[in-house]
Amino acid sequence: MHKVIYDTDPGVDDAMALLFLHRHPEIDVMGITTVFGNASVETTTRNALFLKREWDIQAPVAKGASVTIDAARAEREWPAMVHGDNGLGNIEVPHTIDLPLDPRPAHRFIIDTVRANPGEVRLVAVGRMTNLAMALKEDPEIAGLVKDVVIMGGNFYVPGNVSPVAEANIHGDPEAADIVTTAPWKVVVIGLDVTSITTMSRSYLGVMAAKGDAAVKLLDGLSQHYIDFYSHAVDDGMMVHDSCAAVYLVAPELFTTITGAVRVVCGGIADGQTVIKPDGRRFPPGDWDGLPSQIVATGIESEKVIDLIRDTLLRA
Ligand code: BDR
Ligand code: CA
């Protein structure tokens with residue numbers, strides 16, 4: 001069983017990944033930690049509680065960071081055009097959900113859960129990396145106690161999606177992402193190189209919803225606005241970014257990877273750009289020397305990934 005903490009900013013594609021994690025028989029979701037990003041942390045936390053209630057997920061929800069780790073960064077606007085004003089495609093979601101939150105902040109929940117399960121926890125982070133960076137700052141030893149960290153974020157050999165060179169999750173808190181990718185733990189980076197070519201069409205989702213239960217029908221409904229947004233880039237479908245990270249947990253063989261030190265540019269025209277110094281390539285001394293070698297996805301068997309998502313979501 002893979003013991004997973006899901007760090008997320010639901011978020012439409014976050015919701016699909018959550019249902020995948022919840023329904024996969026080899027995954028035990030130990031907790032859901034929330035972060036700002038696709039909406040404010042108040043909204044993403046409310047959404048996590050809403051999905052927990054609708055999908056009968058037992059895992060606790062712990063509320064996380066509301067701003068970047070470097071307080072000096074200016075507040076950004078929420079991407080309502082992508083995920084809707086309410087983060088879930090503008091479907092009807094109650095203002096508050098009558099379920100308790102874990103009393104701890106997300107980063108403390110992460111530290112406690114990792115310490116209670118040394119060597120076993122897999123962190124799956126699909127929003128800003130702020131909670132993970134805060135956990136590392138407060139308790140650096142957890143780096144040696146986590147099994148691995150799988151993140152959705154970044155782009156290496158393809159353009160960004162919020163600037164010519166940066167992807168949203170990394171661009172939203174570059175300092176936090178740089179802390180995470182340079183820490184002495186195993187990080188797997190699932191970025192736009194693979195997620196932007198892994199798309200699910202509206203009709204594929206619709207067929208799935210027709211066969212599926214209320215949970216899949218809810219997912220279909222909340223995805224419509226996001227699919228409309230993606231019409232500029234995808235032919236009547238959506239990129240399933242966050243689910244790609246979830247799939248990596250159980251089917252890493254569907255990905256091609258390279259290894260190397262990973263840094264994040266903090267500031268300037270390339271703010272939030274992810275950079276890899278591939279292992280074995282020789283360069284003059286630079287800011288990548290002596291850093292842990294991380295795993296970066298450069299290829300993906302998209303069709304198999306999409307089918308695995310479908311098969312898993314349809315397991316009621
Ligand atoms: C990432 O940004 C958000 O819009 C998605 O939820 C995903 O985590 C893609 O760049
Ligand atoms: Ca996300």
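Every number for a ligand or one of its atoms is a count from 1 in the order of the listing. Values reported hereafter were calculated over all heavy atoms of this structure, with side chains retained and with hydrogens, waters and symmetry mates removed.
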Checklist entry - Can you check whether S243's main-chain N or O pairs, donor with acceptor, with D13's side chain at less than 3.5 Å? => result no

Checklist entry - Which ligand 1 atoms are under 4.0 Å away from a heavy-atom of D14? => result 6 (O)

Checklist entry - Using a distance-only test with no angle check, is there a side-chain donor-acceptor pair under 3.5 angstrom linking T298 and D193? => result no

Checklist entry - Taking atom types as modelled, is there a side-chain donor on Y230 or D235 under 3.5 Å from an acceptor on the other? => result no

Item to check | Proximity winner for atom 6 (O) of ligand 1, if only heavy atoms of D13, N161, L192 are counted | outcome: D13

Item to check | Any donor-acceptor N or O pair under 3.5 Å, side chains D279, S293 | outcome: yes

Item to check | Protein heavy atom at shortest distance from atom 1 (C) of ligand 1 | outcome: E167 OE2, 3.3 Å

Item to check | No-hydrogen, no-angle side-chain donor-acceptor test under 3.5 Å, Q58 and D56 | outcome: yes

Next on the checklist: Is there a polar contact between ligand 1 and N169, counting only N or O atoms under 3.5 Å apart?
Outcome noted: yes

Checklist entry - In terms of atom number and element, which parts of ligand 1 are under 4.0 angstrom from non-hydrogen atoms of M152? => result 1 (C), 7 (C), 8 (O), 9 (C)

Checklist entry - For the atom pair CG (L205) and CG (L219), what is the distance rounded to the nearest 0.5 Å? => result 6.0 Å

Checklist entry - Which heavy atom of the protein is the closest neighbour of atom 3 (C) of ligand 1, given with residue, atom name and distance? => result N38 OD1, 3.2 Å

Checklist entry - Does the side chain of P292 come within less than 4.5 Å of W185's, by heavy atoms? => result no

Item to check | Mode of V82 contact toward ligand 1 - side chain, backbone, both, neither (heavy atoms, under 4.0 Å) | outcome: neither

Checklist outcome for this item: the protein heavy atom lying closest to atom 8 (O) of ligand 1 turns out to be D242 OD1, 2.6 Å

Item to check | Opening angle between OD1 in D14 and O in V126, taken at the Ca ion (ligand 2), to 10 degrees | outcome: 150°

Item to check | Angle subtended at the Ca ion (ligand 2) by D9 OD1 and D242 OD2, rounded to 10 degrees | outcome: 140°

Next on the checklist: Check the orientation of Y248 and F255. Use parallel for under 30°, tilted for 30 to 60°, and perpendicular for over 60°.
Outcome noted: perpendicular

Next on the checklist: Starting from atom 4 (O) of ligand 1, what is the nearest protein heavy atom, named by residue and atom, and what distance separates them?
Outcome noted: H83 NE2, 2.9 Å

